[in-house]
Trainee: 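Before anything else, here's the structure in question.
We count ligands from 1, going down the list as the structure has it; atoms in each ligand are counted the same way. These values consider heavy atoms only, across backbone and side chains, with no hydrogens, waters or symmetry-generated copies. Heads up: numbering here begins at 1 and tracks the sequence.
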Amino acid sequence: MMKPLIGVTSSQDKGDCPDTYFSGKMYSKAVIAAGGIPVILPITDDRELIAELAARIDGLLLIGGVDIDPRLYGEEPHPKLGRIDSQRDYFELELVKLMFEYKKAIFGICRGSQILNIAFGGTLYQDIAGQFKNEIKHTQDGARWYPTHTVEIKGGGTLAQAFPAGKAEVNSYHHQSIKEIAPGFMVAALAPDGVVEALECIEHPHIFGVQWHPEHLWQRDQGIFKLFQYFVAQARPYHK
Ligand code: MN
């Protein structure tokens, strides 16, 4: 009974499925492969329930999803802003702040990396195609497991450990990205056009996020699987 319990976030109310929580299978499968027990978290704005969840789980995997309300970082909505879910924003931000207080591991994926940045005072480009010198394609078509652009690994932290060659090949499904990095965090990967593709907490390297979708790449890429293994290993000491 040594496996840590990993909270995996969810989306809700997609398309023609109202009253439903969704969490892609590949996120949970990656956690299982890395030695954790995934538990999919329902979205709630009940603060007591959020506190109970943060106390019980040993690590938190923040999955991809809809855009984040720009008012949370002090901006008006850009015309290209996508669908937002203010209840989900609240849930994830509260959870992240509590997990940080406990110093527990957090792995943010895509939207999850953006939530990490917002939770600690950073900002986003609401639409990189319209707001950033965007020289490569970040919204790929076709197979999710197929890497379409490279990233340069920065800093000497968690990502540098996983990718000793200083480079990674990643998939890309995002129209937003980190603008100003949150205080206390560092840029851990950059796309060739300068888009921020990963961040890490400087003081607590087991709090990190990537802009790509590693849950579709870990079976084919050792470095990307190492990120899940590291995350689960960092959650393990909290398991009682
Ligand atoms: Mn990208």
Trainee: Can you measure from NZ (K104) to CE (M99) and round to the nearest 0.5 angstrom?
Mentor: 5.5 Å
Trainee: At what distance, to the nearest 0.5 angstrom, does OG of S86 lie from CZ of F91?
Mentor: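 Spacing of OG (S86) from CZ (F91) equals 14.0 Å.
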Trainee: Please report, to 0.1 Å, the donor-acceptor pairs under 3.5 Å made by any side chain of residues 223-233, with sequence neighbours excluded.
Mentor:
none

Trainee: Under the criterion side-chain hydrogen bond (donor to acceptor under 3.5 Å, both in side chains), which of K80, Q126, H175, R111 is the partner of D67?
Mentor: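 One option only clears the test, and that one is H175.
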Trainee: Working to the nearest 0.5 angstrom, can you tell me the gap between D221 CG and W145 CH2?
Mentor: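 If we round to the nearest 0.5 Å, D221:CG and W145:CH2 are 13.0 Å apart.
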Trainee: Around the Mn ion (ligand 1), what protein N, O or S atoms are found below 2.8 Å?
Mentor: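 Within the sphere that stays under 2.8 Å of the Mn ion (ligand 1), the protein atoms of type N, O or S are H138 ND1, H149 NE2, S172 OG, H174 NE2, E197 OE2.
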Trainee: Check the angle between the aromatic planes of H204 and H206 and answer parallel, tilted or perpendicular using the 30° and 60° thresholds.
Mentor: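 If you compare the ring of H204 with that of H206, the planes turn out perpendicular.
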